[in-house]
Enquirer: 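Mind looking over this structure? Questions follow.
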Amino acid sequence: MKLRLLEDSNGLLVKILYLSCDPYKKFRMTKPYVLVYVEPFRPGSPLTGYGVARVLESGHPNFKKGDLLWGFTGQEEYPLLNAPETCFKIEDANLPPSYYTGLLGMPGMTAYAGFFEVCSPKKGETVFISEASGAVGQLVGQFAKLFGCYVVGSASSKEKVDLLKNKSGFDDAFNYKEELDLDAALKRCFPEGIDIYFENVGGKMLDAVLLSMKLHGRIAVCGMISQYNLEQPEGIHNLTNFILKRIRMEGFVVTDYYHLYPKFLEMVLPQIKEGKIVYVEDTPEGLENAPTALIGLFYGCNVGKQVVVVSHI
Ligand code: NDP
């Protein structure tokens, strides 16, 4: 028997399995950011965000009891989803469902759209990725390597740098916290300069990168996490490089590219199955650990994609 709440509605009652922790949630708590693609959190209302869930009851023709889905869900154990159009059915149940919070979900699409659609890469080009060991960065690097680029990433610890070099297959990586001179570190890794910068952090790193960009370089602005918690954003001093080097810099939001999701899966699923892509996840258990996990993103506590395991089945 269907829940009365779902009768005459398109809604779903779901059980959350995995919750995604994402830096953009900070925007939803901060008033000055007027968002056109996601609403701010409302005090007194349940939090929402990306998750993976199993359908318990369905009033929607596209979903049936037992289906797995990923998308915008409640950050609860048993949310009612009133707009399941924002969710994708998980058709391939042979991969870990948690991947749909990262590799096969929003961060995977972000890496794919940002690299292939915004950066216009060419084989043999040099690519730098900041915040490289996280949910998005580790994938940008692997997509770029498989495409035939030279790839370097930065991260905040030896453990993360080792992961980039030894597990994610980056050509090189450095610990940006240990480098006193970021400009010198970038010149060491890119003696000929950078063709593509995948920007995740902003601030001092962006300023240093501008000095190493090549003529006609491209910068995809995915995020600027170093600025999210500052009262005043840091100034950028090397802006004239945009003119001198004819650099193109373009911001993007992943939701504008969701129509490419089938094309993305067509590319990435075989790569995963052939072992060409590896994905590192950080998976604390229990909904009660979600706040700590979210805050930890801004201290670099996560190693890989930050997921919270709410239930395994
Ligand atoms: P991550 O999994 O990379 O987690 C956050 C990481 O940010 C931390 O582990 C830490 O890495 C780094 N970090 C935290 N604080 C700072 C700081 N002050 N300065 C420099 N680095 C910091 O996050 P995601 O992969 O999910 O997101 C990556 C970026 O992409 C973010 O900027 C996010 O906002 C953006 N994004 C944009 C989207 C879009 O549509 N445009 C969609 C999804 C994400 P470390 O320890 O190495 O410093």
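For this chain, numbers begin at 1 and follow the sequence in order. Atoms within a ligand are numbered from 1 in the order they appear, just like the ligands themselves. These numbers come from the heavy atoms of this one structure, side chains and all, not from hydrogens, waters or symmetry mates.
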Enquirer: Using a plain distance cutoff, I'd like to know if Cys222 has any nitrogen or oxygen under 3.5 Å from a nitrogen or oxygen of ligand 1.
Expert: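 Yes, at least one N or O pair falls under 3.5 Å.
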Enquirer: Side chains of Met205 and Phe128, heavy atoms from C-beta outward: is any pair under 4.5 Å?
Expert: yes
Enquirer: Out of Ser20, Gly134, Pro23, Ser154, indicate the one that has the non-hydrogen atom closest to atom 26 (O) of ligand 1.
Expert: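 Going through Ser20, Gly134, Pro23, Ser154 one by one, Pro23 has the nearest heavy atom to atom 26 (O) of ligand 1.
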Enquirer: Considering only heavy atoms from C-beta outward, does the side chain of Ser311 approach that of Ile16 to under 4.5 Å?
Expert: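 No, their side chains stay 4.5 Å or more apart.
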Enquirer: For ligand 1, indicate whether the residue Val254 contacts it via side chain, backbone, both or neither (heavy-atom separation under 4.0 Å).
Expert: both
Enquirer: Salt bridge or not between Asp183 and Lys204? Use side-chain N to carboxylate O under 4.0 Å.
Expert: no
Enquirer: Do any nitrogen or oxygen atoms of Ser156 lie less than 3.5 angstrom from nitrogen or oxygen atoms of ligand 1?
Expert: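 For ligand 1, there is an N or O atom that lies under 3.5 Å from one belonging to Ser156.
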Enquirer: With heavy atoms of Val136 as the reference, note each atom of ligand 1 found under 4.0 Å away.
Expert: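 Those of ligand 1 that fall under 4.0 Å from Val136 are 25 (O).
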Enquirer: Can you confirm if the NZ or CZ of Lys123 lies within 45° of the ring axis of Phe147 and under 6.0 Å from the centre of its six-membered ring?
Expert: yes
Enquirer: Distance under 4.0 Å to a non-hydrogen atom of Gly300: what atoms of ligand 1 satisfy this?
Expert: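 It comes down to these atoms of ligand 1: 8 (C), 9 (O), 10 (C), 46 (O).
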Enquirer: Can you tell me how far the OG atom of Ser154 sits from the CG atom of Leu182, to the nearest 0.5 Å?
Expert: 8.0 Å
Enquirer: What atoms of ligand 1 come within less than 4.0 Å of a heavy atom belonging to Met224?
Expert: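 In order of numbering, the contacting atoms are 32 (O).
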Enquirer: So, does Thr126 use its side chain to make a donor-acceptor pair with the main chain of Asp195 at under 3.5 Å?
Expert: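 It does hold such a pair.
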Enquirer: With Thr48, which of Arg28, Arg42, Gln75, Lys25 fulfils side chain to side chain donor-acceptor pair (under 3.5 Å)?
Expert: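 The single option meeting the side chain to side chain donor-acceptor pair (under 3.5 Å) with Thr48 is Arg28.
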Enquirer: Please could you name the atoms of ligand 1 that Phe252 approaches to less than 4.0 Å, counting only its heavy atoms?
Expert: 39 (C), 40 (O), 41 (N)
Enquirer: Using a 4.0 Å heavy-atom threshold (strictly under), name the region of Met106 that reaches ligand 1: side chain, backbone, both or neither.
Expert: side chain
Enquirer: Return the option from Met109, Lys25, Glu131 holding the heavy atom at the smallest distance from atom 5 (C) of ligand 1.
Expert: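 Considering heavy atoms of Met109, Lys25, Glu131, the nearest to atom 5 (C) of ligand 1 sits in Glu131.
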Enquirer: For atom 19 (N) of ligand 1, which candidate among Ser226, Ala220, Gly203 provides the closest heavy atom?
Expert: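 Answer by nearest heavy atom: Ser226.
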Enquirer: Within a distance under 4.0 Å of any heavy atom of Ala155, pick out the atoms of ligand 1 and give their elements.
Expert: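 Answer, ordered by atom number: 47 (O).
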Enquirer: Which residue, Arg248, Arg218, Glu250, Glu125, forms the side chain to side chain donor-acceptor pair (under 3.5 Å) with Ser120?
Expert: Arg248
Enquirer: Does the ring center of Tyr112 lie less than 6.0 Å from the ring center of Phe264?
Expert: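 Distance test on ring centres: under 6.0 Å, yes.
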Enquirer: Any N or O of Tyr228 that comes nearer than 3.5 Å to an N or O of ligand 1?
Expert: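 N/O-N/O distance under 3.5 Å: yes.
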Enquirer: Is there side-chain contact between Val52 and Val307, with at least one heavy-atom pair below 4.5 Å?
Expert: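 In short, these two side chains do not touch, never coming nearer than 4.5 Å.
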Enquirer: Determine whether any heavy atom of Gln227 lies closer than 4.0 Å to an atom of ligand 1.
Expert: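 The answer is no: ligand 1 sits nowhere under 4.0 Å from a heavy atom of Gln227.
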Enquirer: Could you list the atoms of ligand 1 found under 4.0 angstrom from a heavy atom of Gly223?
Expert: 32 (O), 35 (C)
Enquirer: Once you restrict to heavy atoms under 4.0 Å, what part of Thr110 touches ligand 1? Side chain, backbone, both or neither.
Expert: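 Looking at Thr110 and ligand 1, just side chain atoms fall under 4.0 Å.
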Enquirer: Where on Lys160 is there a heavy atom closer than 4.0 Å to ligand 1, on the side chain, on the backbone, on both, or on neither?
Expert: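 Side chain only.
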Enquirer: Looking at OG of Ser168 and NZ of Lys145, how far apart are the two atoms once the value is rounded to the nearest 0.5 Å?
Expert: 12.0 Å
Enquirer: Which class fits the ring pair Tyr50 and Tyr258: parallel under 30°, tilted 30 to 60°, perpendicular over 60°?
Expert: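 Rings of Tyr50 and Tyr258: perpendicular, as their planes differ by over 60°.
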Enquirer: Going by heavy-atom distance to atom 32 (O) of ligand 1, choose the closest among Val201, Asn200, Val221.
Expert: Asn200
Enquirer: Any idea which atoms of ligand 1 are less than 4.0 Å away from a heavy-atom of Asn302?
Expert: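 Those of ligand 1 that fall under 4.0 Å from Asn302 are 1 (P), 2 (O), 4 (O), 8 (C), 9 (O).
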